[in-house]
Amino acid sequence: MDTVVQDYLEKFGVREETRRFLVKPQCMFIGGKWVPQGDRESFAVIEPSTTGVITHIPLGTTADLDRAVEAARTQFDGGPWRKLKPLERERLLHRLADLIEANATELAEIESIDVGKSVANARDVDVQGTIDTFRYFAGWASKLHGRTVEPSLPGDYVAYTRKEPIGVVGVIVPWNFPLQTMAWKVAAALAAGCTTVIKPAELTSLSTLRFAELVHEAGFPDGVVNVITGRGRDIGAAMAAHPGIDKITFTGSTEVGRTVGHTAVGGIKRLTLELGGKSPVLVLEDADIDAAAQAVANGIFFNSGQVCDAGARVYIQRGIHDRFIAALIEHTRTLKIAPGLDPDCFISPLVSGLQKDRVASYIEAGRREGAELVHGGCLPDRPGYFVEPTIFAHCRSDMKIVREEIFGPVLVTAPFDDLGDALSMANDSPYGLAAAIYSNDLNRVHRLIPQLRAGTVYVNAHSTIDPSMPFGGFKESGFGKDLGPEQLDHLMESKAVWITLH
Ligand code: NAD
């Protein structure tokens with residue numbers, strides 16, 4: 001570990017157990033065994049506020065993947081996992097949730113240090129969301145069943161359906177909420193009785209590796225959960241093509257999702273894609289301006305804008321436009337830019353230098369295309385991958401900053417006159433992950449909700465996420481759902497059983 005990172009951990013009093021985890025050699029988790037780097041290549045993990053090296057992770061090979069799939073396959077096809085009674089699966093999932101809860105502070109510190117994110121948000125959102133997700137799906141393990149049916153066909157039959165787990169699930173996740181996104185997919189898969197092979201994003205594998213230790217401690221049979229660290233283009237692509245994997249559940253960019261989808265469908269795999277977004281927000285003239293401004297600022301700047309359903313395009317009814325923009329700027333000024341471990345941090349560094357450069361190039365494009373920069377727009381003069389929260393006003397629909405997902409703290413806004421225009425602008429995007437409305441006019445709100453082409457509509461709120469509610473996109477934001485009972489439908493096959501009675 002570089003000394004800048006050691007000093008950073010020292011300054012913010014990071015716990016001893018977190019440091020011990022960060023300095024030990026990182027291993028993959030395959031078939032219940034810890035697999036060290038050995039002669040494989042490695043990947044340097046960078047702490048985003050200091051740009052120092054935290055540790056290295058092994059770059060897994062396709063032979064490692066074969067071993068992991070075989071372990072998951074063996075366990076699924078006839079291992080003790082498959083024979084566990086539903087309540088035993090439920091108990092194991094609760095035991096894992098208990099362990100995550102008992103280690104919540106350590107996991108939050110690991111996530112903050114690895115991703116750069118606010119440690120308070122890591123604790124309250126990422127880790128708490130992970131615990132809640134495991135508890136929610138634990139309850140489902142014992143409540144999955146088919147139907148008995150009365151067919152109209154001549155003759156006498158007993159006809160019923162069985163819900164059976166899909167099999168080995170390949171889990172590929174991005175770097176913005178590494179632990180939580182993985183948990184959404186893995187908790188549901190295990191509740192359904194599947195086994196899993198997980199590939200975290202190469203930038204942010206550490207919380208998943210610590211999670212694997214807790215899986216081991218909870219007593220899951222070997223091979224039920226496997227973790228391979230490695231590059232997307234190698235291990236991720238090989239997973240999408242692997243004949244031993246029955247389903248791919250992928251969260252990431254639309255661009256990579258398209259490739260993964262093509263490959264997976266080629267092998268007739270089941271598939272869930274949670275992809276990019278550019279979620280619109282409509283602020284109607286009757287909205288409570290201060291409350292809406294605060295919620296809109298949080299809706300884009302939370303996690304420094306590295307949120308798939310961030311409210312990234314805001315359309316404001318003309319009568320309140322100037323007052324709303326003033327309130328938005330005022331609230332944005334209060335958001336503290338700081339390293340993730342600072343307890344008051346709201347705007348944390350972005351995950352990598354590449355992401356910082358990418359976001360900076362969008363800010364430059366906005367300036368070039370003539371959007372009005374009303375707040376921010378600079379890279380703070382300090383080490384680390386920081387970008388100021390930035391607001392553009394009077395943006396046109398054809399601008400690059402309006403059309404493309406920036407995945408950083410950049411908000412684009414424009415006024416609208418009537419609701420028809422607002423709807424057209426909101427739906428004028430290849431994405432359809434989420435949308436938000438700020439208004440207390442029930443009539444107008446209820447008329448808007450069905451017309452917004454998005455997987456989630458928030459009203460007077462943003463990014464309220466709970467394991468009981470499905471999450472997933474329309475259009476190029478993907479298909480299939482994570483969370484809620486809907487997710488379980490994508491993890492189980494329905495088998496139709498016919499018995500002829502003589
Ligand atoms: P990404 O698409 O670059 O990578 C996602 C994962 O795919 C990583 O694990 C990566 O290693 C792997 N990968 C990369 N190339 C691959 C390939 N050729 N084959 C298989 N796997 C490959 O995305 P990212 O930059 O890590 O994350 C940001 C993106 O994720 C944004 O577009 C964001 O909107 C999206 N996202 C979506 C949701 C959602 O629920 N819809 C949630 C979070 C993030």
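When a ligand or atom number is given, it counts from 1 through the structure's own listing order. Residue numbers count from 1 along this sequence.
- For ligand 1, the atoms closer than 4.0 angstrom to any heavy atom of Gly236 are 19 (N), 20 (C), 21 (N).
- Contact annotation: for Glu255 versus ligand 1, there are no heavy atoms closer than 4.0 Å.
- Within ligand 1, counting atoms from 1 as listed, the ones closer than 4.0 Å to a heavy atom of Ala237 are 19 (N), 20 (C).
- Phe407 has its ring centre less than 6.0 Å from the ring centre of Trp175.
- Looking at Trp184, Phe471, Trp175 and measuring to atom 40 (O) of ligand 1, the nearest heavy atom belongs to Phe471.
- Checking only distances, Arg231 never comes within under 3.5 Å of ligand 1, N or O to N or O.
- Looking at Glu47 and Ser49, their side chains do bring a donor and an acceptor atom within 3.5 Å of each other.
- Taking a cut-off of under 4.0 Å to the non-hydrogen atoms of Leu433, the atoms of ligand 1 that pass are 41 (N).
- Scanning the protein heavy atoms around atom 27 (O) of ligand 1, the nearest turns out to be Pro174 CB, 3.2 Å.
- Scanning all protein heavy atoms for the shortest distance to atom 34 (O) of ligand 1 gives Glu405 OE2, 2.5 Å.
- The aromatic ring centres of Phe211 and Phe134 sit less than 6.0 Å apart.
- Atom 9 (O) of ligand 1 lies below 4.0 Å from at least one non-hydrogen atom of the protein.
- At a heavy-atom cutoff of 4.0 Å, ligand 1 is contacted by the side chain of Ile172 but not by its backbone.
- Note: His216 and Phe29 meet the aromatic proximity criterion, with ring centroids under 6.0 Å apart.
- The aromatic rings of His462 and Tyr458 lie tilted to each other, with the angle between the two planes from 30° to 60°.
- Under a 4.0 Å criterion applied to the non-hydrogen atoms of Thr251, ligand 1 contributes the atoms 5 (C), 36 (N), 37 (C), 38 (C), 39 (C), 40 (O), 42 (C), 43 (C), 44 (C).
- Nearest non-hydrogen protein atom to atom 13 (N) of ligand 1 is Gly232 CA, 3.3 Å.
- What sits closest to atom 37 (C) of ligand 1 on the protein, heavy atoms only, is Leu275 O, 3.1 Å.
- In summary, of the residues considered (Thr204, Asp114, Asn303, Asn176), a side-chain contact (heavy atoms from CB on, under 4.5 Å) with Val351 occurs for Thr204 alone.
- Within the set Val173, Thr254, Val307, the minimum heavy-atom distance to atom 6 (C) of ligand 1 is found for Val173.
- Atoms of ligand 1 found under 4.0 Å from any heavy atom of Glu202, numbered from 1 in the order shown, are 10 (C), 11 (O).
- Counting protein heavy atoms only, atom 35 (C) of ligand 1 is closest to Gly252 O, 3.1 Å.
- Counting only N and O atoms by type, the side chains of Asp132 and Gln128 include a donor and acceptor under 3.5 Å apart.
- Protein heavy atom closest to atom 2 (O) of ligand 1, with residue, atom name and distance, is Ser253 OG, 2.6 Å.
- The side-chain contact (heavy atoms from CB on, under 4.5 Å) with Ile391 is formed by just one residue from the set Thr413, Val314, Ile300, Val296; it is Thr413.
- Not a single heavy atom of Phe177 lies less than 4.0 angstrom from ligand 1.
- Summary of contacts: the protein heavy atom closest to atom 42 (C) of ligand 1 is Cys308 SG, 2.9 Å.
- Under a 4.0 Å heavy-atom criterion, Asn176 is in contact with ligand 1.
- Nearest protein heavy-atom contact of atom 28 (C) of ligand 1 is Phe407 CE2, 3.5 Å.
- If you look at Phe177 and Trp184, their ring centroids are not closer than 6.0 Å.
- Between the side chains of Ser463 and Asp309, at least one donor-acceptor pair of N or O atoms lies under 3.5 Å.
- For Glu493, the salt bridge (Lys or Arg N to Asp or Glu O under 4.0 Å) partners two or more places apart in sequence, or in a different chain, are Arg270.
- For Asp77, the salt bridge (Lys or Arg N to Asp or Glu O under 4.0 Å) partners are Arg73, not counting sequence neighbours.
- Inspection of the Gln75 and Thr195 side chains reveals no N or O donor paired with an N or O acceptor under 3.5 Å.
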